[in-house]
Number of protein chains: 2
Amino acid sequence: MERHRIVILGGGFGGLSAAHALKNAPVEVTLLDRCNYHLFQPLLYQVATGSLSPANIAAPLRQILRRRKNTKVLLAEAVDIDATNRRVILSDGEVPYDTLIVATGSTHQYFGHDEWEQFAPGLKTVEDATAMRRRILLAFEAAEREPDPAKLKSWMTFVIVGGGPTGAELAGALGEIAHDTLTHDFRDIDPSQTQIILVEGTDRALPTYPPKLSEAARKMLVRLGVTVRTGAMVTDVKADSVTIRDGDRTESIPTRTVLWAAGVLASPLGIILFKKADAPVDKLGRVLVSPDLSVPGHPEIFVIGDLANFSHQTGKPLPGVAQPAIQQGHYVGKVIRARLQNKKLSPFHYFDKGNLATIGRGAAVADLNWLQISGLPAWLIWIFIHLLYIVQFQNRLLVLLQWAWLYITFDRSARLITGENPLPLDL
Amino acid sequence: MERHRIVILGGGFGGLSAAHALKNAPVEVTLLDRCNYHLFQPLLYQVATGSLSPANIAAPLRQILRRRKNTKVLLAEAVDIDATNRRVILSDGEVPYDTLIVATGSTHQYFGHDEWEQFAPGLKTVEDATAMRRRILLAFEAAEREPDPAKLKSWMTFVIVGGGPTGAELAGALGEIAHDTLTHDFRDIDPSQTQIILVEGTDRALPTYPPKLSEAARKMLVRLGVTVRTGAMVTDVKADSVTIRDGDRTESIPTRTVLWAAGVLASPLGIILFKKADAPVDKLGRVLVSPDLSVPGHPEIFVIGDLANFSHQTGKPLPGVAQPAIQQGHYVGKVIRARLQNKKLSPFHYFDKGNLATIGRGAAVADLNWLQISGLPAWLIWIFIHLLYIVQFQNRLLVLLQWAWLYITFDRSARLITGENPLPLDL
């Protein structure tokens, strides 16, 4: 008898968790990803700010799954889903499935202004992170060589759009870079004069956290020299400025470096499922899944993680972070196992373990639901949890070592400008 | 009184050593580089083969020189030298000098066949290393998905051109990847079937080493599954094959991955010095320097490292490795100090401490002049020396940890395919 064929699209938290949940099951699993590695996205901002190397937060998918004899890894890109004939169309082939798990996550979006992307890079991939690192470091290099005071100031102004965890963490790291890491590195500029502006549309930073923790985070950011602008919307982004609207006031801030940490949009696979499997989708392109995370009308297709809109529990979608994806991957693995034994499972239930964000050395906020703390204790919890969830043991050691080093010396050793030749500088 | 202005072109071993030698001297030093980091090139092949991350072997120049108050770092590219008016022309400005130290090193060359470069990447920069890593890893990914047996074999054939230290070290690392690191990673191919061919024009691998050590290296390579083809010249490189001539026999080897570790050529600054300062150059573009490493007729211009042809001592140029560059940088710093005090120094004298090359786990060859050893003792010396010369203390720890891990597990964690989307695969 042919084994039941399961195809998992995406090797992120959701896809990997599903693969693990199918360990030793009498099935044939194919995990497909465009990258040959699993990426620990919550620490991507540390790559963008030179604290860690890409390999520290990435682990080869083949290596993670090497002992899973029922699982095969494929480096490939899914471009379409043929739900009728149950096959995934690749850019270079196709793969048939009996059950499909779609876990392709999300990408950043510019609210209809895709032209902003060239000036305001987002942070979703390793390439995004090294490109952002390059921009940040080049801004200081250009400042060091810029004779014109107005231009100099715009090189030393950094605007971060979006006050959620990624934006706040980026702003905090930039604050440390300016005030501590680079202190003795330049001769003609004083890095501590750097202006860091965090722009958030709602009335507070970290709007998904309890107000008390938002306020704690704001204080930490201010201590690191970050200006937090709440209730402010970005209305334009250019090569040398960003325009924000704050109530009735519109202001143009001269800056050469805008970092995007605002909107996300579901991966294009959501829309493909809408077209090919009549999947209902929300306005961000997320699939409105059934209580068992399958696509309505297609019990053989599951959608998990950022791409799923699962609102059955709280009336609104689960947050686009690692925990829901991991739990959903695990659940779907169990559902498939149960089906093979003709059993039924109760609907998916999300257990919210809490949320953590770090803002500089020894400072973080932790919302554990039963406990809300900030400062050093939250930071220690943050470190512990993040090290725990980094997939490879070797990476745990390497990351811990670099964090310890950073804590003691403020030194960020991965401050490399890589990629195409950046010269001549755009002075 | 204005301070004596010294401009150093290049932040490699030579340039950095010169900057250090001028510590606390009453001069104004400007160190100029296209990269914002010093790169420990001897370990670049470990980045190309996924053992280390770029940041592990690179250190920001500003950070290395942060405490040198008389030294300024400039991220810039020198495009010309105006020897008459004593200024360096940048792609985005110019810098005047009283004394110039040129330490811009070398690049790889294809013996007049620049069209080979696209198929046979060399290894001089961080970008070269990540591009080479990408090619190696993609070859295995393509092999896993290749249905055609002949094409499959060409994906699993790696040809390394040049049997010097870089070529031998690359071949050894590839042997380990094929036979140990990837053992359990694939389902449809057996990585141990990989063919690795090292092509060397002379009659032995590591031709600059004593014959006894060449023979030891050859045995180590064979043990790692490498085929060593000596007395063989590459006559053509294409996308899917490499042609080699071995005496009268010409053979075309089907392969999708050719790695270039053969010829080097001096950086273009040598030719610029020839044109603008009448500097005598050899056929590789290296400057034939005076006994004090200055350009004949231009005592205010020094050339050190790979760009210098210093034949006064042995009748032939010093090898293009780190030691001569470091010693020359140090010497030139001392010459400049002496001149400022109207003293004279005896000519440069190179002290050859020996040569080391590693070929896989626990295996290396060491030629310490007074002692020639191979195997584990040589490998331990190799580790000790390399860790000693890595500039940053933090990197020493990180590299040591990753080597220890590699030694125990054969695991190469930095096996990331990064850069532009590699899909669809070229099957």
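Side chains are part of it too, since the values below use all heavy atoms of this structure and drop only hydrogens, waters and symmetry mates. Please read all numbers here as calculations on a predicted model, not as lab measurements. Each chain gets a letter, A, B and so on, in the order the sequences are listed, and its residues count up from 1.
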Ion pair B/Glu176/B/Arg412, N-O distance below 4.0 Å: yes

Salt-bridge present (B/Arg145, A/Asp92; N to O < 4.0 Å): yes

Heavy-atom proximity to chain B below 4.5 Å, by part of [X]:
X	value
A/Leu90	side chain
A/Asp426	neither
A/Ala76	both
A/Glu77	both

Between [X] and chain A, with a heavy-atom cut-off of 4.5 Å, which part of the residue counts as in contact: side chain, backbone, both or neither?
X	answer
B/Arg415	both
B/Glu144	side chain
B/Arg34	both
B/Thr181	backbone

Closest-packed option against chain A by number of heavy-atom pairs under 4.5 Å, given B/Asp411, B/Leu74, B/Asn56: B/Asp411

Between B/Leu61, B/Val126, B/Thr418, the one whose heavy-atom pairs under 4.5 Å with chain A are most numerous: B/Thr418

Closest contact, heavy atoms only, A/Pro191 versus A/Leu182: CG-O, 3.5 Å

Minimum-distance pair of heavy atoms, taken over all atoms of B/Ala25 and B/Asn70: O-ND2, 3.1 Å

Pair B/Thr71-B/Lys23, side-chain donor/acceptor within less than 3.5 Å: no

Per-residue contacts, residues 134-141 of chain B versus chain A, heavy atoms under 4.5 Å: B/Leu137, B/Leu138, B/Glu141

Neighbourhood of chain A inside residues 395-407 of chain B, taking heavy atoms under 4.5 Å as contact: B/Asn395, B/Leu397, B/Leu398, B/Leu401, B/Gln402, B/Trp405

B/Arg68 side chain near B/His20 side chain, heavy-atom distance below 4.5 Å: yes

